[in-house]
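A quick write-up on the structure given underneath.
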Amino acid sequence: MSDAIDPADKPTPRRKPKPEKRSIGGRDLNASTLMMGHGYDPALSEGSLKAPIFLTSTFAFENAAAGKRHFEGITGKREGGAEGLVYSRFNGPNQEILEDRLAIWDGAEDALTFSSGMTAICVLMLANVSQGDVIVHSGPLYAASEGFVAKVLSKFGVTYVDFPAGASREELDEVIKRAKCQAGENGGKVAMIYLESPANPTNALVDIEAVKEARDANLKWPCPIAIDNTFLGPLWQRPLDHGADIVVYSLTKYVGGHSDLVAGSIAGAKKWMDPVRALRNTMGGIVDPNTAWMLLRSLETVELRMSRSGENAAKVCEFLASHPKVEGLGYLGMIDDPSQQDIYDRHCSGAGSTFSVFIKGGEAESFRFLDHLTIAKLAVSLGGTETLASHPAAMTHLSVPDERKAALGITDNLVRISVGIEDADDLIADFAQALEHV
Ligand SMILES: *Cc1c(COP(=O)(O)O)cnc(C)c1O
């Protein structure tokens, strides 16, 4: 065609959009505003308002020198990572946009996405430990995280010391000193402090600030504090503001939010992300482009969804708290322990929508309640648009030994509920009729 543009006239294509304005007239834009456009320039994709899904295994280089430069970034020969896309095990446009947007929520310098929350956790830990090292972790952890430390990393000479969520500064000092001794005996170091707060299913909170103080007072080498923020993040708890170095998510839960995908992420300073990125480049485990695209859609409504489910949970818990068939609640909006309340006040901006309800009676009464729910579905997982209910002692924590269950407060009358975004009064009506069968 005669009106074809001479390629030489075209500006060099920019792979990444120019850094977007993050503030207007001195006002920093809210994360929920930035979720609509941050990290994506329609002009780079034929004007498509939404990012296309980039289904490709590899990326064409502009020229040979660019290919060399990108590989220098990937292999660590040059600082700062790859300037361009190389191969889809390393990264892709959908994943990069997603990582840029996830980093915003936690105020992190960088983020990495994975094919599941557990992939994120396993690659994070593997990248940080060597033979003889010790991981200090809060308890209980998500069962698969606890299993990875105790059963898999132990095969490579990595041991652990755990402490109960809610431990005081003094107790934390003791725990870290004990871990230091253990590491000394094994010829390693305390390589990582790994937290999960609130703990599942008890909702016990970890004092992140106290952990940081204890780490700084007792360890003289860089030992990152990572925290699984799946239950409250990204809306109701920003752990990097309270002394954590790395925040971990199962994006499967609130962030994905529709119970239709599995994915995970970590975020933090580049110095903590780089070694994990290098191991992810080697192992794979990056989220796929289609799932990344779904998560971009999810992030546009994450604040709306989480706010609504949080409001619903508050109303439902108010109803349940005074019900004669309910013995008690494990809900962060109704804490009775002053030291837990103190942690909540310092760390959390909302009580979430996942909580425990203790039914009067035992397993039989709890099962009758569960079997008569009509709106709430009987399923494990949490953070979706729909309300879910489960029985941890008989389901997610079935394999936990009885003594440990007792120590963790996982009783036969504990039902865990994740409240969704349905109408709150409909949910209350459903819980009311199900309780009549107890
Ligand atoms: C679900 C979950 C995980 C694991 O995430 P997957 O996406 O299922 O691999 C880790 N931690 C917590 C707290 C979870 O709820």
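Quantities reported herein were computed from a predicted structural model and do not represent experimental measurements. One is the number of the first residue; the rest follow in order along the sequence. Each ligand, and each atom within it, is numbered from 1 in the order the structure gives.
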Going by distance only, is there an N or O of Val262 that falls short of 3.5 Å from an N or O of ligand 1? no
Note: ligand 1 atoms sitting under 4.0 Å from heavy atoms of Ser250 are 1 (C), 2 (C), 3 (C), 4 (C), 5 (O), 6 (P), 7 (O)
Does any donor atom in the side chain of Asn30 or Thr33 lie under 3.5 Å from an acceptor atom in the other side chain? no
Hey, is ligand 1 close enough to Met118 that some N/O pair sits below 3.5 Å? yes
Would you call Ala263 a ligand 1 contact, heavy-atom distance under 4.0 Å? yes
Fit a plane to each ring of His372 and His437, take the angle between them on a 0 to 90° scale, and name the class: parallel (under 30°), tilted (30 to 60°) or perpendicular (over 60°). parallel
Salt bridge present between Asp207 and Arg346 (N-O < 4.0 angstrom): yes
To which of Ile121, Thr230, Asp228 does the heavy atom nearest atom 11 (N) of ligand 1 belong? Asp228
Does a donor on one side chain and an acceptor on the other come within less than 3.5 Å for Ser366 and Glu363? no
With only distance considered, is Glu196 within less than 3.5 Å of ligand 1 through an N or O on each side? no
Can you find a side-chain donor-acceptor pair between Ser138 and Glu196 that sits under 3.5 Å? no
Quick one: look up the protein heavy atom nearest atom 8 (O) of ligand 1 and list residue, atom name and how far away it is. Tyr142 OH, 3.9 Å
Find all atoms of ligand 1 within a distance of less than 4.0 Å from any non-hydrogen atom belonging to Thr252, and give their numbers and elements. 6 (P), 7 (O)
Within the structure, does Lys253 bring an N/O atom to less than 3.5 angstrom of an N/O atom in ligand 1? yes
Of all heavy-atom pairs between Ala263 and Val287, which one has the smallest distance, and what is that distance? CB-CG2, 4.0 Å
Atoms in ligand 1 flagged as close to Phe231, the criterion being non-hydrogen separation under 4.0 Å: 13 (C), 15 (O)
Do the charged groups of Arg238 and Asp106 touch, with an N to O distance under 4.0 Å? no
